[in-house]
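Below: one structure, written as structure tokens.
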Amino acid sequence: MNLTSLSNKELAEIISTDKYDEELIRSADAIRREHYGTDVYIRGLIEFTNICKNDCLYCGIRCGNGNAERYRLSREDILSCCENGYELGFRTFVLQGGEDPYYTDEIICPLVSEIKSRFPDCAITLSIGEKERESYAAYKEAGADRYLLRHETANSEHYSRLHPDNMSGEHRKQCLFTLKELGYQVGSGFMVGSPYQTAENLVEDLRFLQTLEPDMIGIGPFIPHKDTPFGDSPGGTLELTLRMVAILRHLFPKALIPSTTALGTIHPLGREMGLKAGANVVMPNLSPVKVRKLYTLYDNKICTGEEAAECRGCLERRVESAGYKIVVSRGDVKR
Ligand code: SAM
Ligand code: FES
């Protein structure tokens, strides 16, 4: 099965039908094994603030959600998450949060430098949204290696139905190209089954990613959050998400593709199935248990009650049961 030469129309047909699923997933797994064997890379996710100035219509921590209980982790909290994570074998830390104006460059840069000096053999990933070029450059200078910024949807009309008027998909895409220019390893991606999304939109997402050539591509099902305008919208399905993971592996043979927490939320074995469909990364949570339930992007999020060590052990077993193996490594992309 070779998807690389398909037209947009043919790709949209594959996206819309379950007819080829078995073959698609089997061949995606063969491609991942060719490049990564059975290795699964882990990233320790530190969700350090749920305060956000944005009002994305789908997101549970949008500023318009007055029911969300807000928190910020202190510098010491974040460093102790890294300490704990290092002992558990993590060699990548992902600092993710809402676009929280409190964390100015003057706070982020020294924090990144401190983590880098304490854990020089680790990669630092930031995922803190859209910033000015100067800020991205300063974070890089301070020691950040990677940046995650999902483009969400490549279609501008679709983007405008998911976001308020003051946000622009074009600006978000521009940020991604800036990050690449600055030498970051870049991760992008989108939600599967977001409101109003069509198969043609998904093809546009794939084409945009082919232009961007990111190192990592994160996708997960859209899951409604009750306190958002899309609280009653249907969520993305397991089948379509797995099909999209497999298609991504075909089109981006060497990419880092996480099997996401959202996938594990919509099905008890979602992450295992994601790995079998071509994913090669998992991102367990290192945040302190006291704040886990508060970083609620969507309803029923899993792994909000466990300590980091429990999550690590649980995931190890899950990954092995799917036929793969977690490795202790920075987990850089293969080129
Ligand atoms: N503020 C940063 C940013 O904008 O990239 C990082 C945090 S943001 C909450 C991380 C990702 O969560 C988004 O890129 C989006 O794709 C995903 N997300 C938000 N709401 C979601 C929902 N209801 N279901 C599934 N994924 C969601
Ligand atoms: Fe967190 Fe399983 S991965 S409890």
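Counting starts at 1 for both ligands and their atoms, in listed order. Residue numbers start at 1 and run along the sequence shown.
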Just checking [X] against [Y], ring centres under 6.0 Å apart?
| X | Y | result |
| --- | --- | --- |
| Phe222 | Tyr58 | no |
| Phe208 | Phe190 | no |
| Tyr71 | Phe48 | no |

Are [X] and [Y] within salt-bridge range, i.e. N to O under 4.0 Å?
| X | Y | value |
| --- | --- | --- |
| Lys325 | Asp39 | no |
| Glu23 | Arg26 | yes |
| Arg317 | Glu320 | no |

Exercise for the section: Write out the protein residues near ligand 1, meaning a non-hydrogen atom under 4.0 Å from one of its atoms, in order of chain and number. Expected result: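 If the criterion is a heavy atom under 4.0 Å, then ligand 1 touches Tyr58, Cys59, Gln96, Gly97, Gly98, Ser127, Gly129, Leu149, Arg150, Glu152, Arg172, Met191, Pro221, Phe222, Ile223, Tyr295, Leu297, Tyr298.
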